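Contents: one structure, followed by commentary.
Computed from a prediction, not measured in an experiment: that's the story for all the values here. Because only heavy atoms are used, hydrogens play no part in the values below, and waters and symmetry mates are left out as well, while side chains stay in.
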Amino acid sequence: DFLPFVCDGCSGVFCLQHRSRDAHGCSEVNIRNNLVKPDQHRSYPCSYKDCNRKELLPVLCPYCEKHFCLRHRHQSDHECEKLDTPKPRMAATQQLVKDIIGKYSGIYSKKNEEAKSKKRKGAKNRETAAKVALMKLKMHACGDKSLSQVSCVCF
């Protein structure tokens with residue numbers, strides 16, 4: 001033989017005829033066969049109440065550190081006890097956006113009453129005006145400098 005063969009199990013050196021584990025009676029084959037059984041799989045049961053699903057891979061919530069199935073993996077889906085509540089600042093921003101949209105829809109509703117035949121065109125203009133006003137608000141908006149950009153959420 002020109003090349004010696006090294007066994008992965010016992011690290012022995014063998015010829016071509018005895019290179020397989022079965023041919024040289026490798027002691028590591030029996031140990032590995034006893035340790036790994038093909039029918040045994042680890043499964044992770046879902047911690048959500050009344051859910052009997054199991055996953056083959058762990059799906060951990062980074063906040064409460066419990067296992068969940070793919071259906072309940074998000075905080076809002078499994079009613080996480082450490083669910084982040086929206087900040088009052090964000091609620092104020094949402095209210096400001098609603099006020100701007102409401103303001104522009106109120107202006108254009110008078111024009112809609114006057115021109116009922118052009119109802120579709122007026123609706124398009126109102127929606128466009130509201131979107132433009134929102135874009136202008138976003139363009140000139142400057143947030144709290146103490147917040148990191150990761151914690152900022154855009155709508």
| message | Test of understanding: with side-chain hydrogen bond (donor to acceptor under 3.5 Å, both in side chains), list the residues that count as partners of E81, not counting sequence neighbours. | response |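 With sequence neighbours excluded, E81 shows a side-chain hydrogen bond (donor to acceptor under 3.5 Å, both in side chains) to no residue whatsoever.
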
Any side-chain heavy atom of [X] sitting closer than 4.5 Å to one from [Y]?
{"X": "F5", "Y": "C15", "value": "no"}
{"X": "Q75", "Y": "Y63", "value": "yes"}
{"X": "H74", "Y": "C61", "value": "no"}
{"X": "E55", "Y": "L70", "value": "yes"}

| Quick one: side-chain contact (heavy atoms from CB on, under 4.5 Å) partners of L60, sequence neighbours excluded? | H67

| message | Taking side-chain contact (heavy atoms from CB on, under 4.5 Å) as the definition, give me every residue that meets it alongside K136, ordered by chain and number, with sequence neighbours left out. | response | V132

| query | How many angstroms lie between atom SG of C26 and atom NE2 of H18, to the nearest 0.5 angstrom? | reply | 13.5 Å

| What closest approach, in Å, do A133 and I100 show between heavy atoms, and which atom pair accounts for it? |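 Heavy-atom minimum between the residues: CB-CG2, 3.6 Å.
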
| message | Minimum heavy-atom separation for P45 and S43, please, with both atom names. | response | CD-O, 3.6 Å

| Result of checking K66, R73, H72 against C46 for side-chain contact (heavy atoms from CB on, under 4.5 Å) | H72

| field | Over 12 foreign heavy atoms within 6.0 Å of CG, N52 | value | no

| Do Y48 and H78 have ring centres separated by under 6.0 Å? | no

| task | Spell out, yes or no, whether L134 and L96 are grouped together once hydrophobic residues are joined by side-chain heavy atoms under 4.5 Å, including indirect joins. | result |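 Per the 4.5 Å side-chain linkage, L134 and L96 are co-clustered.
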
